[in-house]
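Reading through the structure tokens given below for one structure.
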Amino acid sequence: MSKKWIVVGEIRDGEFRHVSFEAIAAVKSIDSNNEVVGVLLGENISDFDKTMFAYGADRVLKVEHPDLQQYTPDAYSQALMQVIESEEPEGVLMGHTSIGRDLLPKVASKCGTGLVSDFVSVEVVGEETIFTRPIYSGKAFEKKAITDGKIFATLRPNNISALEKDESRDGDVSTLDVNIKDLRTTIKEVVKNTTSGVDLSEAKTIVSGGRGLKSAENFQLLDDLAEVLGAAVGASRGACDAEYCDYALQIGQTGKVVTPDLYIAVGLSGAIQHVAGMSNSKVIVAINKDPEAEIFKIADYGIVGDLFEVIPILTEALRQELV
Ligand code: FAD
């Protein structure tokens with residue numbers, strides 16, 4: 001039987017997080033007849049509803065309020081609670097982004113229920129909706145079966161393909177007036193991190209550097225390669241600890257978890273804590289001068305060599321090919 005689901009569309013800096021569309025596809029993969037209500041929270045949410053329809057939403061509900069201009073847990077959770085009370089969906093999904101991780105557990109607990117965090121796939125078997133999620137830093141997967149009650153879940157980016165974009169799709173757009181009060185937080189200033197152009201957690205290609213880079217200046221080599229590939233730049237904690245780059249770039253157990261199509265690991269050893277954050281990448285290329293480096297054990301392709309020789313050659317060859 002088809003069910004109604006809410007997918008919270010996340011917009012950052014005027015652009016959708018792609019995982020919002022992957023969440024729509026997740027609902028449709030459970031049952032293509034499921035109704036997806038795309039919920040947009042913010043202020044002046046102009047034409048974003050059209051993009052949600054193009055990726056498969058059946059309806060869009062806009063909630064506009066001055067207090068929703070910037071994300072705050074207080075304001076967003078109050079608004080989303082009122083949406084849930086008015087829509088009474090079976091489930092609420094959003095991306096496992098920094099906002100998703102903050103907002104959805106809060107709202108789930110207000111609704112007196114739990115949350116499946118960071119799932120990578122979902123299926124329905126009989127009466128059960130079964131979510132699969134990585135545990136033990138990606139070394140094992142657990143299945144969580146939900147049989148009744150409202151479902152709240154956050155989807156790890158880059159694991160479920162979004163539906164093909166179809167601009168001819170359309171649907172009803174409605175609005176909901178919400179009452180937001182007693183805010184405990186106000187945003188005075190947003191300081192943007194300028195170290196990375198492409199968002200790491202959603203990047204399709206990542207060039208990641210380790211202590212082998214030897215200096216902050218040498219990270220420019222990775223920036224050049226990343227620019228040619230349209231990639232994001234990541235790093236090991238070794239590189240961050242050595243102050244070669246900002247901690248915002250750290251990938252691993254205590255950094256970001258990424259699942260790009262292509263992960264190029266440069267001058268990093270492949271410590272277990274690093275691998276925990278990138279082992280689910282579809283294709284892993286390792287460049288390291290030590291043939292015994294752990295990273296080669298999980299790499300699909302390896303280049304044993306000095307990165308200071310290999311990277312400029314690779315960048316130039318790709319520039320000839322791609323640019
Ligand atoms: P190294 O281990 O020093 O490796 C440098 C590599 O560069 C070597 O393999 C070397 O052969 C190669 N190299 C050197 N020069 C060249 C050259 N010219 N050309 C080619 N290759 C070269 N680490 C993370 O990354 N992410 C985490 O989230 C994380 N969380 C942690 C949590 C805890 C609780 C702990 C204890 C540790 C954590 N670590 C994490 C740290 C982790 O254990 C490693 O210390 C770290 O990943 C090592 O960084 P690295 O690979 O850059 O450095």
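From a predicted model like this one, the values you see are computed outputs, not experimental measurements. Whatever order the structure lists them in is the order used to number ligands and atoms, beginning at 1.
When the options V8, L155, V27, I24 are evaluated for a side-chain contact (heavy atoms from CB on, under 4.5 Å) with L93, the one that passes is V27. Only one option out of V107, I99, L80 pairs with M94 in a side-chain contact (heavy atoms from CB on, under 4.5 Å); it is I99. If you run side chain to side chain donor-acceptor pair (under 3.5 Å) between T97 and each of R12, E10, R17, only E10 comes through.
Nearest protein heavy-atom neighbour of atom 27 (C) of ligand 1: Q250 NE2, 3.1 Å. For atom 7 (O) of ligand 1, the closest heavy atom belonging to the protein is G267 O, 3.0 Å. The closest protein non-hydrogen atom to atom 3 (O) of ligand 1 is R211 NE, 3.0 Å. Nearest protein heavy-atom contact of atom 46 (C) of ligand 1 is G238 N, 3.9 Å. The protein heavy-atom contact nearest to atom 8 (C) of ligand 1 is N288 ND2, 3.7 Å. S269 OG, 3.6 Å is the protein heavy atom nearest to atom 1 (P) of ligand 1. G212 CA, 3.4 Å is the protein heavy atom nearest to atom 14 (C) of ligand 1.
Side-chain contact between L221 and L307 is present, with at least one heavy-atom pair separated by less than 4.5 Å. Between T315 and R319 there is a side-chain heavy-atom pair separated by less than 4.5 Å. In this structure, the side chains of L222 and Y244 stay at 4.5 Å or more apart for every pair of heavy atoms. Annotation: side chain of R156 is not in contact with side chain of F119 (no heavy-atom distance under 4.5 Å). Contact of the E87 side chain with the R59 side chain is registered, since non-hydrogen atoms from C-beta on lie closer than 4.5 Å. Annotation: side chain of I84 is in contact with side chain of P89 (closest heavy-atom distance under 4.5 Å).
The N/O atoms of G270, backbone and side chain alike, include none that comes under 3.5 Å of an N/O atom in ligand 1. By the 3.5 Å distance cut-off applied to N or O atoms, I287 is not counted among the residues near ligand 1. Among the atoms of G210, none of the N or O lies under 3.5 angstrom from an N or O of ligand 1.
Those atoms of ligand 1 that come under 4.0 Å of a heavy atom in Q253, given as number and element, are 27 (C), 28 (O). Of all atoms in ligand 1, numbered sequentially from 1 with element shown, those under 4.0 Å from a heavy atom of S236 are 25 (O), 49 (O), 50 (P), 52 (O). Close approach to F308 involves these atoms of ligand 1, each under 4.0 Å from a residue heavy atom: 18 (N). Of all atoms in ligand 1, listed by their number and element, those nearer than 4.0 Å to a heavy atom of G255 are 28 (O). Taking every non-hydrogen atom of L268 and a distance limit under 4.0 Å, the qualifying atoms of ligand 1 come out as 6 (C), 7 (O), 51 (O), 52 (O). Below 4.0 Å from some heavy atom of D290 lie the following atoms of ligand 1, by number and element: 11 (O). Taking every non-hydrogen atom of I251 and a distance limit under 4.0 Å, the qualifying atoms of ligand 1 come out as 24 (C), 25 (O), 26 (N), 27 (C), 28 (O).
T132 places no side-chain N or O within donor-acceptor distance of the main-chain N or O of V120, the cut-off being under 3.5 Å. No side-chain donor-acceptor contact under 3.5 Å links K150 to the backbone of V92. Checking side-chain atoms of H65 against main-chain N and O of N179 turns up no donor-acceptor pair under 3.5 Å.
Evaluated by nearest non-hydrogen atom to atom 16 (C) of ligand 1, the leading choice among H274, K289, K256 is K289. Of the options D306, T254, I295, the smallest heavy-atom separation from atom 30 (N) of ligand 1 is shown by T254. Closest to atom 23 (N) of ligand 1 by heavy atom, among K214, E294, R237, is R237. In this comparison of Q273, M278, E309, the heavy atom closest to atom 39 (N) of ligand 1 sits on Q273.
Proximity of atom 34 (C) of ligand 1 to the protein is not indicated, since no non-hydrogen protein atom lies closer than 4.0 angstrom.
With a 4.0 Å heavy-atom cut-off, ligand 1 is reached by the side chain of A271 but not by its N, CA, C or O.
In this structure, I6 is not a member of the same hydrophobic cluster as V116, with clusters built from ILVMFWY side-chain heavy atoms closer than 4.5 Å.
Within 6.0 Å of the NZ atom in K62, the count of heavy atoms belonging to other residues, nucleotides or ligands exceeds 12.
Classified by interplanar angle (parallel below 30°, tilted 30° to 60°, perpendicular above 60°), the ring pair Y76/Y71 is perpendicular.
A heavy-atom separation below 4.0 Å is found between G305 and ligand 1. The closest approach between V266 and ligand 1 stays at or above 4.0 Å for every heavy atom of the residue.
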